[in-house]
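Working notes for the structure below.
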Amino acid sequence: MNNPLRICLIFFVFAVILAPDWVSAKRPIRSIDGMVTKASDGDTIRVLDPLGTKLRVRLYGIDAPETEKASKRTGRISKVGQAHGDEAWKALTGKVLGQRVKLDVMGIDRYKRLVCLVWLGSRNVNKEMVAEGWAWAYRHYLDTPYASEFIAVEETARQQHLGLWKTYNPQPPWEFRRVTRTKKGIGNDHF
């Protein structure tokens, strides 16, 4: 093998091994267009696709404050909400309800919801919710390059005291859910 070709091959191998974000960036599984029919809370929507399929969609890479849930049968409160849950829900509703969106499907969660980047034209709705202070960058589930983007806009929202960051040290939803489950006795099985 001649020397220039060998150098190019070595460079290529090192470029792949020590690759920047573009090599390891998570790509969507597929894209779906549809109409938003409902926002359930600050990070979950319902979308009707062109074939009439109703899709449950969890916004990828963000976690919004929990909203209060009532039993459809009894009307009684079945799940308590947390501070700023309703405001996050209203912010998401105002952005997407009745709008045509593009969903970049990143995966499926344990509740069988599509986990998606939601696009309103060229606007990344997930990132907007974090940038406006209505959701956390969900670091545990964020992949490159979204992690750095979402974390950066969260930090700016914190510094500017936007949305839920008007409150000093708000409780993250994942901690709220853990505490709520513990209070109900879920996950306290001692075998």
Side-chain angles (χ1 to χ4, degrees), residues 32-103 105-120 123-141 150 154 157 161-190:
I32 303 169
D33 292 321
M35 176 74 71
V36 178
T37 59
K38 179 182 180 180
S40 304
D41 55 31
D43 54 29
T44 309
I45 58 176
R46 300 278 174 111
V47 175
L48 188 64
D49 79 359
L51 299 175
T53 306
K54 296 175 184 175
L55 307 171
R56 293 183 321 136
V57 177
R58 174 71 159 82
L59 275 68
Y60 170 80
I62 74 170
D63 203 3
E66 295 293 325
T67 55
E68 185 174 271
K69 304 288 191 256
S71 167
K72 289 179 184 174
R73 190 173 53 83
T74 66
R76 300 177 95 187
I77 303 302
S78 58
K79 276 178 130 176
V80 296
Q82 70 180 119
H84 305 290
D86 284 343
E87 293 147 302
W89 166 73
K90 288 175 185 173
L92 184 58
T93 298
K95 288 179 184 302
V96 298
L97 187 63
Q99 299 292 319
R100 288 213 158 281
V101 295
K102 181 180 112 178
L103 307 173
V105 181
M106 306 303 277
I108 299 174
D109 71 8
R110 64 182 175 177
Y111 304 108
K112 296 184 174 44
R113 296 176 296 190
L114 298 177
V115 179
C116 302
L117 285 169
V118 178
W119 297 92
L120 191 55
R123 294 171 40 204
N124 180 329
V125 174
N126 310 44
K127 188 174 169 182
E128 282 184 10
M129 289 296 289
V130 176
E132 294 170 7
W134 298 120
W136 279 257
Y138 206 176
R139 289 159 172 80
H140 184 72
Y141 294 104
F150 284 33
E154 179 187 302
H161 304 286
L162 300 176
L164 61 91
W165 302 113
K166 291 176 185 168
T167 303
Y168 173 74
N169 199 23
Q171 184 180 35
W174 55 89
E175 287 180 11
F176 177 82
R177 289 189 295 268
R178 182 181 45 79
V179 168
T180 304
R181 277 192 307 266
T182 303
K183 284 182 180 175
K184 285 184 177 179
I186 299 170
N188 284 338
D189 299 328
H190 300 288

Spacing of [X] atom [atom1] and [Y] atom [atom2] [to the nearest 0.5 Å]:
{"X": "Glu132", "Y": "Leu162", "atom1": "CD", "atom2": "CG", "result": "8.5 Å"}
{"X": "Leu92", "Y": "Asp41", "atom1": "CG", "atom2": "CG", "result": "8.0 Å"}
{"X": "Thr37", "Y": "Met35", "atom1": "OG1", "atom2": "CE", "result": "9.5 Å"}
{"X": "Leu48", "Y": "Thr53", "atom1": "CG", "atom2": "OG1", "result": "7.5 Å"}
{"X": "Lys102", "Y": "Ile32", "atom1": "NZ", "atom2": "CD1", "result": "11.5 Å"}

Taking salt bridge (Lys or Arg N to Asp or Glu O under 4.0 Å) as the definition, give me every residue that meets it alongside [X], ordered by chain and number, with sequence neighbours left out.
{"X": "Arg46", "result": "none"}
{"X": "Asp109", "result": "Arg113"}
{"X": "Lys54", "result": "none"}
{"X": "Glu128", "result": "Lys95, Arg123"}

Handout entry: Tyr111 backbone acceptor or donor facing Arg56 side chain under 3.5 Å
Key =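 Looks like yes, one N/O pair under 3.5 Å.
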Exercise for the section: Examine distances only and state if a side-chain atom of Gln82 and a backbone atom of Gln171 form a donor-acceptor pair shorter than 3.5 Å. Expected result: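 Flag set: sc Gln82 to bb Gln171 pair under 3.5 Å.
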Mind listing the closest non-hydrogen atom pair of [X] and [Y] along with its distance?
{"X": "Val130", "Y": "Ile62", "result": "CG2-CG2, 3.4 Å"}
{"X": "Ala157", "Y": "Ala131", "result": "CB-O, 3.5 Å"}
{"X": "Ala64", "Y": "Pro173", "result": "O-CG, 3.2 Å"}

Exercise for the section: Give the ring-plane orientation class for His140 versus Tyr138, where under 30° counts as parallel, over 60° as perpendicular and anything between as tilted. Expected result: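 Plane angle between 30° and 60°, so tilted.
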Hey, are the side chains of [X] and [Y] touching, using non-hydrogen atoms and a 4.5 Å cut-off?
{"X": "Ile45", "Y": "Val118", "value": "yes"}
{"X": "Val125", "Y": "Val101", "value": "no"}
{"X": "Ile108", "Y": "Leu114", "value": "yes"}
{"X": "Lys90", "Y": "Trp134", "value": "no"}
{"X": "Pro65", "Y": "Leu164", "value": "yes"}
{"X": "Leu103", "Y": "Val47", "value": "yes"}
{"X": "Asp49", "Y": "Asp33", "value": "no"}
{"X": "Lys38", "Y": "Ser40", "value": "yes"}

Problem - Note: Glu154-Arg139 ion pair, threshold 4.0 Å (strictly below) - result: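 Salt bridge present between Glu154 and Arg139.
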Handout entry: Sequence neighbours excluded, every pair satisfying side chain to side chain donor-acceptor pair (under 3.5 Å) that has a member inside residues 63-73
Key =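 Non-adjacent pairs meeting side chain to side chain donor-acceptor pair (under 3.5 Å): Arg58-Asp63, Asp63-Arg177, Glu66-Arg177, Thr67-Lys69, Ser71-Thr74.
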Exercise for the section: Taking the six-membered ring for Trp and the full ring for Phe, Tyr or His, determine whether the centres of Trp165 and Trp136 are under 6.0 Å apart. Expected result: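 Centroid distance Trp165-Trp136: below 6.0 Å, so yes.
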Practice task
State which residues pass side-chain contact (heavy atoms from CB on, under 4.5 Å) with Leu117; sequence neighbours excluded, sorted by chain then number.
Solution key: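 Per chain and number, Leu117 pairs via side-chain contact (heavy atoms from CB on, under 4.5 Å) with Tyr60, Asp104, Met106, Trp119, Asn124, Asn126, Tyr146, Phe150.
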